[in-house]
**Student:** 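Encoded as structure tokens, here's the structure I'll be asking about.
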Amino acid sequence: MKTIITAIALTGASALGMTAAVPDYLNDNLPIEQRVEDALSRMTLREKINIIHAQSKFSAPGVPRLGIPEIWCTDGPLGVRPEVLWDEWEQAEWTNDSCTAFPSLTALAATWNTDMAQLYGQSIGEEARFRNKSVLLGPGVNIYRTPLNGRNFEYMGEDPYLASKMVVPYVNGVQSNGVAVCVKHFALNNNEINRHTSNPIVDDRTLYEIYLPAFRAAAQEGNAWTFMGGYNLFRGEHASYNPILMNDILKGEWGWDGAVISDWGAVHDTRTAVSGGLDMEFGSWTNGLTNGTSNAYDNYYLATPYLKGIQDGTYTTTELDDKVRRVLRLTFRTVMDRNRPFGSLNSDEHVAACREIGQEGVVLLQNRNDLLPLQLDKVKKIAVLGENAIKMMTVGGGSSSLKARYEITPLEGLKKRIGDKAEIVYARAYVGDPTGEYNGVITGQDLSDPRSPEELRDEALKVAKDADVVLFFGGLNKSNHQDCEDTDRESLDLPYNQNELIEAIAAVNPNTVVVNISGTGVAMPWANKVSSILQAWYLGNETGNTLASILTGDVNPSGKLPYTYYATLDQCGAHKLGEYPGHPSIDKLGNEVMDMPYNEGIYVGYRFIDKNKLKPTFPFGHGLSYTKFEYGKATIDKKEGSADDTFTVTVPVTNIGQRQGKEIVQLYISDVKSSIDRPVKELKGFKKIDLQPGQTEEVSFEINKDALSYFDADKHAWVYEPGDFQALIGASSGDIRTKIPFKITK
Ligand code: GLC
């Protein structure tokens with residue numbers, strides 16, 4: 001009887017429109033903050049503790065009782081990492097998690113094209129969404145302080161303005177899929193050597209002008225939903241829970257409402273993790289890459305020790321509730337957003353994106369006698385030399401390593417594109433790293449070669465001698481002390497005796513092209529001995545097709561360098577003035593650290609080159625085309641009706657060559673006379689234009705106070721001074737085509 005009455009009652013109630021109330025936190029129509037507060041109010045202390053630390057290598061538990069889902073993270077910035085075992089770094093050998101491997105982020109930065117950054121973010125975000133991940137552990141935007149940093153390939157170059165402009169569309173693209181980015185490694189993780197103990201000693205002006213801008217843009221303009229703290233220290237505290245970086249700057253000055261995730265193994269104690277602005281602890285008891293203590297999760301610093309601390313009154317729940325709010329906010333923005341799209345994996349669109357970004361990012365550094373593009377109606381025999389013509393590069397390099405669905409090597413791409421139009425003869429020339437495995441992912445290539453370096457060299461020289469053109473594919477790779485996490489390079493030189501090899505090859509055939517595959521700068525003492533040089537980056541699945549399209553002229557290269565090609569380390573401020581990798585010291589807790597004074601201050605990259613009137617091998621912003629561009633005279637006028645100091649500078653740019661091409665027009669600003677030391681010039685604008693032969697475009701830039709300012713550490717504010725300024729417009733930092741003065745009167 002009772003059941004019937006209950007049924008009638010409910011029916012009656014629903015007939016009166018009184019449906020069972022949906023709790024606020026499950027009601028998508030309510031503002032996220034209201035949902036956060038409701039969920040928080042329903043959680044037990046234990047549930048609050050659980051939600052702020054990992055339960056497995058890459059996941060946090062959510063609140064099962066309330067139907068609040070788990071948060072799943074995945075590497076990395078270049079593609080979605082294969083699934084790993086619950087509590088291991090090893091891959092789980094799933095059969096459905098191969099991915100699209102996109103170009104390295106230095107390649108993306110080298111496009112100087114914000115549309116490519118948007119396309120990149122959108123594409124990789126779709127793959128992470130399809131794999132049901134809530135957080136993509138990327139992009140990295142640490143600044144290229146030294147060419148030796150093992151992870152430069154994962155970052156966006158030496159200039160804070162370029163990195164700031166390129167990171168925002170990437171963030172927007174990823175997060176449009178309901179997947180959070182995790183901007184890393186905040187902050188000053190600018191080297192891999194001693195990465196857990198490095199203690200950069202940086203003044204505020206350098207911090208704010210060079211090392212923070214890209215992170216600030218990601219937080220304030222990109223509205224990134226999570227940040228990852230770095231391993232290193234800063235002013236005596238580890239970055240992942242550094243009160244200055246996380247509380248004062250990120251959450252304070254920048255008003256950021258996202259969640260801070262530790263790097264894996266970056267947390268070392270409870271107290272500072274509680275008070276230093278960390279919101280989610282991952283990877284404790286590991287070194288971030290290999291070993292780990294299995295099922296250590298209850299012993300995490302923000303797990304049982306924190307719970308006990310709250311229960312015995314050591315901590316209040318104030319910090320805990322703030323952490324939980326941020327994790328809930330992340331959850332509602334991602335996995336609990338019922339309207340987010342469904343993503344896609346390995347689509348033709350992603351392959352096309354991989355190729356388009358790569359084609360826009362490859363940089364033609366030198367092209368004597370216009371040897372490139374290859375004239376296939378004349379060139380009948382092509383020597384393809386070097387290990388990097390055949391070596392797959394998507395496996396290795398650390399946490400950005402991938403299980404790509406496929407990878408076209410340069411030799412394969414050339415053979416496919418050239419077919420029988422010319423004879424291609426391959427010779428290894430050197431054996432560098434014949435391995436191809438990372439965390440259980442293998443390339444399947446057998447690159448073993450028993451021959452001696454002499455035999456390899458002799459064969460290469462013979463092949464080169466008989467050819468019309470030589471394409472030497474060299475550079476670095478993803479093995480230790482190359483472009484690889486957790487190690488830095490030990491020299492600016494190419495490894496495996498490539499310098500000598502290249503000189504020998506150029507001596508037997510002047511028509512030598514060097515295709516340098518790397519994610520960072522290398523010394524090129526042979527630059528004047530070869531005809532052409534291509535900076536080819538790591539280009540992912542479509543490597544061979546991308547390079548073949550550039551080398552044969554199907555595509556006109558349009559990338560420009562996001563960093564300086566130093567001739568020697570002495571041309572780099574970090575090595576000439578700064579300390580690298582630093583000297584042993586003891587921190588306030590008595591731990592051994594490596595103090596690393598950034599004595600070079602703001603003089604990083606071209607800023608140091610300009611100040612010291614140096615001549616690098618190739619300057620920041622340099623890149624050639626198969627056509628030529630002419631810059632007219634710049635004009636400037638005050639923006640109509642603008643109260644403050646806003647100007648518009650315009651320059652006509654013409655394609656004076658015979659074929660379509662894209663040009664990256666760069667604006668630098670110089671404060672001619674200032675009360676403090678300032679760089680000769682600083683990048684404050686860029687535009688990538690696409691011109692048909694004979695076409696002219698009037699390129700305009702707005703100059704506002706941001707372009708004029710420096711960071712005054714005493715006032716802790718951005719300021720600019722009245723007086724004379726100059727707008728310098730050019731094709732690179734070393735190739736200024738036109739300048740125009742203007743005056744700030746106030
Ligand atoms: C690594 C890296 C970080 C990566 C994380 C998870 O040590 O420093 O970039 O996302 O751990 O693999």
Side-chain angles (χ1 to χ4, degrees), residues 53-60 71-92 97 99 104-105 124 128 131 133-142 149-156 167 170 174 179-198 215 218 224-233 238-240 259-268 278 280-292 300 395-403 438-441 478 480 483-488 519:
H53 64 81
Q55 66 174 358
S56 77
K57 194 60 79 187
F58 283 103
S59 74
I71 291 278
W72 278 87
C73 307
T74 182
D75 287 311
L78 317 183
V80 180
R81 184 174 185 155
E83 211 60 34
V84 299
L85 297 170
W86 181 257
D87 197 17
E88 303 295 334
W89 292 106
E90 285 304 290
Q91 68 140 337
D97 59 353
C99 72
S104 66
L105 291 196
I124 195 173
R131 289 277 310 283
K133 305 300 181 183
S134 304
V135 181
L136 177 73
L137 300 171
V141 286
N142 290 105
N149 177 22
R151 293 183 87 172
N152 282 331
F153 72 98
E154 289 186 54
Y155 305 147
M156 298 190 185
V167 69
Y170 181 109
V174 172
V179 174
V181 295
C182 188
V183 187
K184 67 189 187 180
H185 307 81
F186 190 62
L188 297 163
N189 187 160
N190 303 315
N191 50 275
E192 289 298 295
I193 189 170
N194 312 318
R195 66 174 176 165
H196 295 272
T197 58
S198 279
F215 288 103
W225 293 335
T226 79
F227 263 44
M228 183 188 294
Y231 285 120
N232 55 284
L233 294 99
H238 282 87
S240 279
V260 170
I261 295 175
S262 73
D263 200 340
W264 269 240
V267 184
H268 305 278
L278 176 67
M280 295 186 89
E281 177 185 1
F282 276 87
S284 290
W285 319 118
T286 73
N287 66 2
L289 280 182
T290 53
N291 59 23
Y300 268 35
V395 174
S399 56
S400 63
S401 179
L402 295 171
K403 180 160 74 174
Y438 190 79
N439 281 159
V441 176
K478 300 290 192 68
N480 282 352
D483 282 314
C484 183
E485 178 174 343
D486 205 25
T487 65
D488 279 357

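One is the number of the first residue; the rest follow in order along the sequence. Counting convention: from 1, in listed order, for ligands and their atoms alike. Quick caveat: nothing in here was measured; it's all calculated off a predicted structure.
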**Student:** List every atom of ligand 1 that sits less than 4.0 Å from any heavy atom of Phe58, numbering the atoms from 1 in the order shown and giving each element.
**Tutor:** 6 (C), 12 (O)

**Student:** Specify the protein heavy atom at minimum distance from atom 11 (O) of ligand 1: its residue, its atom name, and the distance to 0.1 Å.
**Tutor:** Asp263 OD1, 3.1 Å

**Student:** For ligand 1, is any non-hydrogen atom under 4.0 Å from His196's backbone (N, CA, C, O), its side chain (CB onward), both, or neither?
**Tutor:** neither

**Student:** Indicate yes or no: does an N/O atom of Tyr231 lie under 3.5 Å from an N/O atom of ligand 1?
**Tutor:** yes

**Student:** Taking N or O atoms only and a 3.5 Å limit, does Leu289 qualify as a polar contact for ligand 1?
**Tutor:** no

**Student:** I'd like to check which ligand 1 atoms, numbered from 1 as shown, lie under 4.0 Å from a non-hydrogen atom of Glu485.
**Tutor:** 1 (C), 2 (C), 7 (O), 8 (O)

**Student:** Find all atoms of ligand 1 within a distance of less than 4.0 Å from any non-hydrogen atom belonging to Gly288, and give their numbers and elements.
**Tutor:** 1 (C), 7 (O), 11 (O)

**Student:** May I ask you to identify the nearest protein heavy atom to atom 12 (O) of ligand 1, giving residue, atom name and distance to one decimal place in Å?
**Tutor:** Asp75 OD2, 2.6 Å

**Student:** Quick one: does any side-chain atom of Glu192 pair with a main-chain N or O of Asp486 as donor and acceptor, under 3.5 Å?
**Tutor:** yes

**Student:** With a cut-off of 4.0 Å, which atoms of ligand 1 are near a heavy atom of Arg195?
**Tutor:** 7 (O), 8 (O)

**Student:** Please report the closest heavy-atom contact between Leu85 and Lys57, naming both atoms and the distance.
**Tutor:** O-CB, 4.4 Å

**Student:** To the nearest 0.5 Å, what is the distance between CG (Asp263) and OH (Tyr231)?
**Tutor:** 3.5 Å

**Student:** Could Glu83 and Lys133 be called an ion pair, given the rule that one side-chain N must be under 4.0 Å from one carboxylate O?
**Tutor:** yes

**Student:** Using a 4.0 Å cutoff against the non-hydrogen atoms of Trp89, which atoms of ligand 1 qualify?
**Tutor:** 12 (O)

**Student:** With the threshold set at 4.0 Å, does a side-chain nitrogen-carboxylate oxygen contact exist between Lys403 and Asp97?
**Tutor:** yes

**Student:** Taking 4.0 angstrom as the limit and counting only heavy atoms of Lys184, give me the atoms of ligand 1 inside it, by number and element.
**Tutor:** 3 (C), 4 (C), 9 (O), 10 (O)

**Student:** What is the minimum heavy-atom distance between Trp72 and Ser56, and which atoms define it?
**Tutor:** CH2-OG, 4.1 Å

**Student:** Is the side chain of Tyr170 donor-acceptor paired with the backbone N or O of Pro77 at a distance under 3.5 Å, no angle test?
**Tutor:** yes

**Student:** Using a 4.0 Å heavy-atom cut-off, say whether Phe282 meets ligand 1 through its side chain, its backbone, both or neither.
**Tutor:** neither

**Student:** In terms of side-chain heavy atoms, does Ser198 have a donor or acceptor partner in Asn191 at a distance below 3.5 Å?
**Tutor:** yes

**Student:** Can you list the ligand 1 atoms lying under 4.0 Å from a non-hydrogen atom of Leu137?
**Tutor:** 10 (O)

**Student:** Can you see which heavy atom on Ser104 is nearest to which on Leu78, and at what distance?
**Tutor:** CA-CD2, 3.7 Å

**Student:** Counting from 1, what ligand 1 atoms have a heavy atom of Arg81 closer than 4.0 Å?
**Tutor:** 12 (O)

**Student:** Heavy-atom distances under 4.0 Å are what count here, so tell me which part of Glu154 touches ligand 1: side chain, backbone, both or neither.
**Tutor:** neither

**Student:** Taking N or O atoms only and a 3.5 Å limit, does Arg151 qualify as a polar contact for ligand 1?
**Tutor:** yes

**Student:** Taking all non-hydrogen atoms of both residues, which atom of Leu136 and which atom of Gly76 are closest, and how far apart?
**Tutor:** CD1-O, 3.4 Å

